[in-house]
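What follows is one structure encoded as structure tokens, with my remarks underneath.
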Amino acid sequence: MNKARASMEHLYRVFTAPEGRESKLAQIEQHLSANLADFLSRHVVATATSLEDIEQHFDDFTVPEDPQFVSDHAEHLLEKLVANSVNTYSPQFIGHMTSALPYFHLPLAKLLVGLNQNLVKIETSKAFTPLERQVLGMMHQLVYGHNESFYRAHLHSANYSLGAFCSGGTIANISALWVARNQALPPDGSFKGVSKSGLHAALRHYGYQDMVVITSKRGHYSLSKAADVLGLGRQNLVTLECPEQILDPQLALVEGQRLQQQGIKVLAIVGIAGTTETGHVDPLDQLADVAGQLGCHFHVDAAWGGATLFSNQHRHLLKGIERADSVTLDAHKQMYVPMGAGMVLFKDANASNAVRHHAEYILREGSKDLGASTLEGSRNGMAMMLYASIHIFGRQGYQLLIDESINKARHFANLIKHHDDFELITEPTLCLLTYRLCPAAVQRRLQDDPENAVQLNMLLDNLTVAVQKRQREAGKSFVSRTRLATRRYDGQTITVFRVVLANPLTTSTHLQDILNEQLEIAQQTRTWLKLS
Ligand SMILES: *Cc1c(COP(=O)(O)O)cnc(C)c1O
């Protein structure tokens, strides 16, 4: 390998010189652009390598002394990194919410890096700031459907914002509850508000014993992080049991009132539109009523399910979302945008002023700098990816994708139901479902003598874990697993396979193959022998 020399000349070339067509990086680039699927299938190869083995490629903790030529480094990346990556584009990779992307994001990503705009302030993002505001407006209109004069008045106003772009659902949830917290504990007379004086002083001023957020057991763990960073504390995220997989409005109301009687302020109720584990949608309309009765903020975490609003056939599932004070969306999930594209939206364009910050050199009063009311500082122009997607797919294109995913999930649920050795655990509402292997004989025993259910379910848990691991290690296909309390088994928590059918390239044959593979793996286990 040629050794590069640390010199200004070398650095200058690194910053400016276009790579020759024959250089390694240029070859990679051409291959990626010409045929991504082929590139991935050739270079992402070592799927069965253990994590421990891969860690050995990355165990040198000293900064390399000498520079490297770009081409040499590209070689290094291919071998150490790319080869051992996960092929999330694979149609058999149906375990998580990360899937194949439309090809145009690849050249657009280059454009994004090429322009390297910083959305924190207008001075580094002219054009990108109005674009981002427009995208937020489009998503706001999709969720809330306010009238034209509302959008004319607020879309580009320096004094209002319809929401904020951010890196993902986590930051969006934190941002939503941050706004809610500051609105719930505002300045009052000589008291300067929670934002200035802190939570302790604010609770004392308002005479609250404590502050909580209510959601269900299926609430995403980012809500617990939010409770932590906002000073509420993780144990003040109240997660209610949900054996039906959705938050029971009556239960939320009773719990909220019980807490209020103890002088505890209910900051917010969080409804979920598309739970991460099973894809269920909480009864948003009724939860909006409950939030109204408790006089608290209503937040909807629609990171996964929000895109369902594109579908005329299915958008009714999210009925009531338009009553939420704030909504979280992730474009990097069912809008097929690369990762790093989350959004929080506020029904009231004035809401985000509760977190507005100013600084002298940027974010001056009256400026249109987005950074004044976003949690994050420097931020890239990911909004462009969503902007492009929205135009290239159109609402109708997204509708097709959403409808197709839900149909596929229903189809897969049918395959499972009609297979003697599988048991469907949760029906798909959106494109997620959970199931497990359960030999026909065991299914009969579970029905005939429920006293044995606890014991049998524990054996089945072992089976699910073993099969999921081996299937993952074999590297041909991937489903994930989780643990759920289910009504069917008297609230017993069981281990299940979890699938997300969002990859448009996944076919019925792939799904059948995945079941066949799972059955084959299962039949080689000792647990299977014990069970049958
Ligand atoms: C994915 C997801 C999140 C977290 O979003 P990130 O983009 O991973 O930060 C939050 N809530 C729900 C329901 C999600 O599906």
Side-chain angles (χ1 to χ4, degrees), residues 86 88 94-99 101 139 143 163-178 180 213-230 234 237 239-240 242 245-247 268-284 287 298-309 317-318 320-321 324 326-345 374-376 379-380 382-383 385-386 389 402 405-406 409 426 428-434 480 482 484 498-503:
V86 174
T88 57
I94 58 168
H96 284 306
M97 294 179 160
T98 310
S99 80
L101 296 174
M139 299 315 294
V143 171
F165 237 87
C166 53
S167 68
T170 298
I171 302 295
N173 281 337
I174 294 173
S175 302
L177 293 175
W178 183 28
V213 171
I214 297 177
T215 189
S216 85
K217 282 268 181 279
R218 295 284 164 272
H220 190 266
Y221 57 81
S222 55
L223 296 171
S224 156
K225 291 182 181 175
D228 185 345
V229 298
L230 292 173
R234 289 182 187 219
L237 179 72
T239 57
L240 300 176
C242 54
Q245 312 304 335
I246 53 174
L247 180 53
I269 292 204
V270 180
I272 308 154
T275 62
T276 317
E277 281 165 287
T278 66
H280 279 76
V281 180
D282 285 336
L284 304 178
L287 290 175
F298 180 40
H299 175 63
V300 172
D301 181 356
W304 177 257
T308 311
L309 293 168
L317 293 168
L318 272 57
I321 195 172
S326 54
V327 171
T328 286
L329 298 175
D330 253 346
H332 60 222
K333 290 184 178 161
Q334 292 196 92
M335 293 178 224
Y336 302 93
V337 162
M339 255 166 291
M343 281 162 280
V344 59
L345 302 170
T374 57
L375 179 57
E376 290 168 298
R379 212 158 44 71
N380 68 6
M382 282 305 290
M385 309 307 242
L386 182 52
S389 275
I402 292 289
S405 295
I406 294 178
T426 55
T429 304
L430 304 179
C431 63
L432 276 77
L433 59 90
T434 62
S480 57
T482 188
L484 299 173
R498 163 181 175 267
V499 297
V500 183
L501 293 165
N503 188 338

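Counting starts at 1 for both ligands and their atoms, in listed order. Note that the structure is predicted; figures quoted are calculated from it, not measured.
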What protein heavy atom sits nearest [atom], and how far off is it?
atom	answer
atom 6 (P) of ligand 1	Gly169 N, 3.3 Å
atom 4 (C) of ligand 1	His220 CE1, 3.3 Å
atom 13 (C) of ligand 1	Asp301 OD2, 3.4 Å

Going by heavy atoms, is Ser222 under 4.0 Å from ligand 1?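 A heavy atom of Ser222 does come that close to ligand 1.
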
Give the single entry among Lys225, His332, Met97, Lys333 that approaches atom 1 (C) of ligand 1 most closely by any heavy atom.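 Answer by nearest heavy atom: Lys333.
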
May I ask which of Asp330, Ile171, Thr170 has a heavy atom nearer to atom 7 (O) of ligand 1 than the others do?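 Closest candidate by heavy-atom distance is Asp330.
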
Nearest non-hydrogen partners of [X] and [Y], listed with the distance:
X	Y	result
Leu223	Leu177	CD2-CD1, 4.2 Å
Trp304	Ala502	CH2-CB, 3.8 Å
Val281	Gly274	CG2-N, 3.8 Å
Ala409	Cys431	CB-CA, 3.6 Å
His332	Gly168	CE1-CA, 3.8 Å

Those atoms of ligand 1 less than 4.0 Å from some heavy atom in [X]:
X	answer
Gly168	7 (O), 9 (O)
Gly274	13 (C)
Thr276	12 (C), 13 (C), 14 (C), 15 (O)

Is the shortest heavy-atom distance from the side chain of Leu230 to the side chain of Trp178 under 4.5 Å?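 Contact flag for Leu230/Trp178 side chains = yes.
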
Min side-chain heavy-atom separation His280-Arg218 under 4.5 Å: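 Counting from C-beta outward, His280 and Arg218 never come under 4.5 Å.
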
